[in-house]
Amino acid sequence: MPDAPTDSDVHAPVTASDPIVGIDLGTTNSLVAHCTAAGPRLIAGPDGRTSLPSVVRIDPATGSPVAVGHAARDAAADHPADTIASFKRLMGRGLADVADDLDTLAYAVVEGPHDTARVKVGDHVLSPQEISAAVLAELRRRAEADLGVPVARAVITVPAYFDDAQRQATRDAGRLAGLDVRRIVNEPTAAALAYGLGERSAAPTTGPQRAGGVSLNVKVNPAACADDATGGDAPTSSPTQTIAVYDLGGGTFDVSILKLRQTDHGAVDQVLATDGDTRLGGDDLDRAMMDRIAPTPPASPADRQALRRCAEDAKIRLSTEDTAEVAVAAGGKTVRVTLTRADLDALADPLIDRTLAACTRALKNAGVTAADLDRVILVGGSTRIPRVRERVAEFFGTTPYTALNPDEVVALGAAVQGATLAGLRRDSVLLDVIPLSLGIETMGGAVAKLIVANTAIPARATERFSTYADGQTKVKIHVLQGERELVEDCRTLATFDLTGIPPMPAGLPKLVVTFLVDANGILSVQAREERSGRRAHVQVVPHHGLTRDEVAQMEADGFTHAREDMRRHRLIDLRLNARLDIRNITRQLERLGPDELEPDYRTQVEADVAAVRAFVDADDDAVDPDAFQAAMEAMDRGTLRLAEVNIAKTLKGPERGNAG
Ligand code: ADP
Ligand code: MG
């Protein structure tokens with residue numbers, strides 16, 4: 001079998017010698033990502049930010065780009081006629097097509113040869129492809145700097161409704177930036193690929209990959225699996241999935257209904273319907289916020305630009321906070337406004353109504369109902385707004401996917417497609433079982449496992465918890481993955497807060513945490529406080545950024561450290577109980593006066609407590625858990641009478657104030 005992969009092929013580190021990167025060339029923001037065996041990852045620029053505003057400033061004297069991205073966007077107010085934003089709207093279009101957009105663009109758009117829309121800066125006329133190329137070239141430089149190799153190939157995404165001319169213009173832009181565009185992929189399809197949808201039924205092919213789902217099905221020594229590269233069952237084929245992608249970006253809204261199907265050559269999409277509004281997005285919300293903050297708009301362009309920034313900034317803060325303070329210069333004085341989440345919701349609602357009307361039309365045109373959908377995916381920065389999430393969930397009757405950042409998911413999916421084309425199949429970690437245990441942090445740094453490794457998916461588990469402090473109104477939920485017993489040895493998947501719990505004594509709130517891993521391997525964690533009905537929710541892709549080898553290593557670590565981990569977990573529990581007991585005993589001692597408890601007995605109780613406290617305070621290594629437990633038991637026995645005396649005192653009647 002000359003073609004059979006050898007074990008070293010299978011485990012060879014994936015080098016990016018001639019990578020195919022994935023690019024989301026957005027109307028507002030553009031991103032570049034690269035996919036290795038560990039999955040796709042975004043590439044940041046020199047400023048550490050992954051998103052590059054799709055804005056280019058052209059020097060009116062030379063007609064060449066002088067600033068790209070944040071630099072161009074931030075100085076837009078000073079160079080309105082030379083700063084080209086939203087050029088994606090012009091790609092592959094004629095002047096008549098874009099007539100409606102012209103009044104929103106601050107630069108000149110003129111008619112070029114063959115009925116094409118062009119940009120005019122100074123005396124220079126540029127095609128939207130040339131402007132796009134400046135953004136693509138910057139992304140290409142970032143990728144080269146990050147990967148350390150030349151980058152000459154890319155997958156670029158476009159909206160599903162782009163026609164042939166718009167797609168061709170996008171290819172041409174890539175070529176101008178020195179990129180061979182290997183494929184143009186629909187943005188909604190890319191989002192679905194990032195979530196691994198349409199990947200399950202991949203027929204095993206020859207090549208450097210292992211058949212899916214074999215080695216980790218059973219919990220065995222991972223080393224024993226290392227050479228089963230050629231064996232294994234053919235993965236079962238999964239049916240076509242019907243997916244809705246709701247994409248609310250900066251200036252556009254798109255909804256796409258598509259079918260995704262797997263073939264030997266990767267996922268194939270069929271777009272059933274698209275709808276939307278090319279003039280509806282986060283920018284509209286910024287404008288509504290501006291009006292709300294300063295009903296009379298500032299006269300100077302610089303002040304208007306500052307107000308716009310403030311408005312967007314407040315909008316973004318209100319996605320995670322309940323209020324946002326804004327201070328802006330307007331009409332020669334500083335206006336201070338406090339905006340609330342409810343204000344944002346009220347401004348967003350009419351916009352959301354319009355998006356949902358488009359969703360209704362798209363479903364109708366696709367000939368499906370919401371109930372026929374396998375998944376709804378959220379895309380675009382504006383879907384971070386909680387109100388948008390709520391209403392989309394309500395409309396489709398299902399919780400949409402948000403595990404991946406909505407403004408990054410398209411670029412990630414483009415990179416997945418790039419890796420497939422480059423022949424590097426993503427070493428996707430198992431989809432038919434949960435490869436590593438999933439749990440949450442409990443007091444003292446231990447991990448409570450809700451779903452253990454090798455559970456078949458879909459899987460669900462629920463666990464009840466309570467609070468440890470009196471009057472606690474907030475609980476932090478820390479979601480972890482791994483086989484080890486302590487937080488520090490596991491991998492953090494997410495953290496989120498459950499807030500607004502009414503103050504109650506410790507132990508009284510009823511916290512219910514539910515883990516749900518669906519058929520695509522996406523984990524949803526929900527925390528609910530039953531007395532108040534407060535809830536919070538997070539979604540993650542548990543294996544994002546992990547290779548199979550890393551999974552195997554984490555599994556192996558669990559075996560290696562099992563005994564020591566158990567000891568430390570036991571110590572954590574002992575310490576926790578000891579602290580609670582000591583607190584309780586101390587309170588009981590304080591309640592009783594010298595005439596109510598013999599001094600000798602008090603001294604003995606204090607000695608028992610001191611003995612336990614010594615274990616609590618000692619270093620882990622110095623503590624024998626059995627001795628610790630024995631001291632606890634001695635303290636328990638020794639304080640039986642203390643408890644009795646206290647109960648007797650309570651029964652005698654209400655305590656007197658200790659004044660006097
Ligand atoms: P596009 O696809 O049009 O290039 P993006 O997906 O990058 O756009 O979305 C950009 C929009 O998302 C902007 O209007 C921005 O203000 C908005 N946005 C980004 N983050 C948040 C947030 N946390 N809350 C609300 N809106 C946000
Ligand atoms: Mg986008």
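The first residue of the sequence shown is numbered 1, and numbering continues consecutively from there. When a ligand or atom number is given, it counts from 1 through the structure's own listing order.
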Legend entry - Residues E312, R309: salt bridge by 4.0 Å N-O rule: no

Inset, instruction - Run the numbers for me: atoms of ligand 1, each under 4.0 Å from some heavy atom of G282, listed by number. - result: 14 (O)

Inset, instruction - Say whether D247, considering both its backbone and side-chain N or O atoms, lies within less than 3.5 Å of an N or O atom on ligand 1. - result: no

Legend entry - Heavy-atom proximity to atom 26 (N) of ligand 1, best of E187, K315, E312: K315

Inset, instruction - Determine, for D180 against R182, whether the closest basic-nitrogen to carboxylate-oxygen distance falls under 4.0 angstrom. - result: yes

Legend entry - Cationic N near anionic O, under 4.0 Å, R167 to D164: no

Inset, instruction - List the closest protein heavy-atom neighbour of atom 2 (O) of ligand 1: residue, atom name, distance to the nearest 0.1 Å. - result: G249 CA, 4.2 Å

Legend entry - Candidate with minimal heavy-atom separation from atom 13 (C) of ligand 1, of A348, G250, P406, S51: G250

Legend entry - N-O pairing of D497 and K474 below 4.0 Å: yes

Legend entry - Minimum-distance protein heavy atom relative to atom 1 (P) of ligand 1: T28 OG1, 3.5 Å

Inset, instruction - Any atoms of ligand 1 less than 4.0 Å from a non-hydrogen atom of G26? List them with their elements. - result: 4 (O)

Inset, instruction - Please verify whether a non-hydrogen atom of G281 lies at under 4.0 Å from ligand 1. - result: no

Inset, instruction - Output yes when D284 and R279 qualify as a salt bridge under the 4.0 Å nitrogen-oxygen rule, no when they do not. - result: no

Legend entry - D146/R41 ion pair, N-O < 4.0 Å: yes

Inset, instruction - Please identify which atoms of ligand 1 are closer than 4.0 Å to at least one heavy atom of G380. - result: 6 (O)

Inset, instruction - Could you check D353 against R391 for salt bridge (Lys or Arg N to Asp or Glu O under 4.0 Å), going step by step and ending with a plain yes or no? - result: CA-CA 9 Å; D353 289 342; R391 294 200 50 201; 2.6 Å; yes

Inset, instruction - Determine, using ring centers only, whether F253 and Y246 are less than 6.0 Å apart. - result: yes

Inset, instruction - Please report the C-alpha distance between R49 and D47 in whole Å, then the side-chain angles of each, then the deciding distance to 0.1 Å, and finally whether the salt bridge (Lys or Arg N to Asp or Glu O under 4.0 Å) criterion is met. - result: CA-CA 5 Å; R49 291 190 274 202; D47 58 0; 3.3 Å; yes

Inset, instruction - Among all protein heavy atoms, pick the one closest to atom 23 (N) of ligand 1 and tell me residue, atom and distance. - result: R384 CD, 3.3 Å

Legend entry - Protein heavy-atom partner closest to atom 7 (O) of ligand 1 - residue, atom, separation in Å: N29 ND2, 2.8 Å

Inset, instruction - Between S86, A314, G381, flag the one that comes closest to atom 5 (P) of ligand 1 by a heavy atom. - result: G381

Inset, instruction - Flag S319 as yes when one of its N or O atoms lies below 3.5 Å from any N or O atom of ligand 1, and as no otherwise. - result: yes

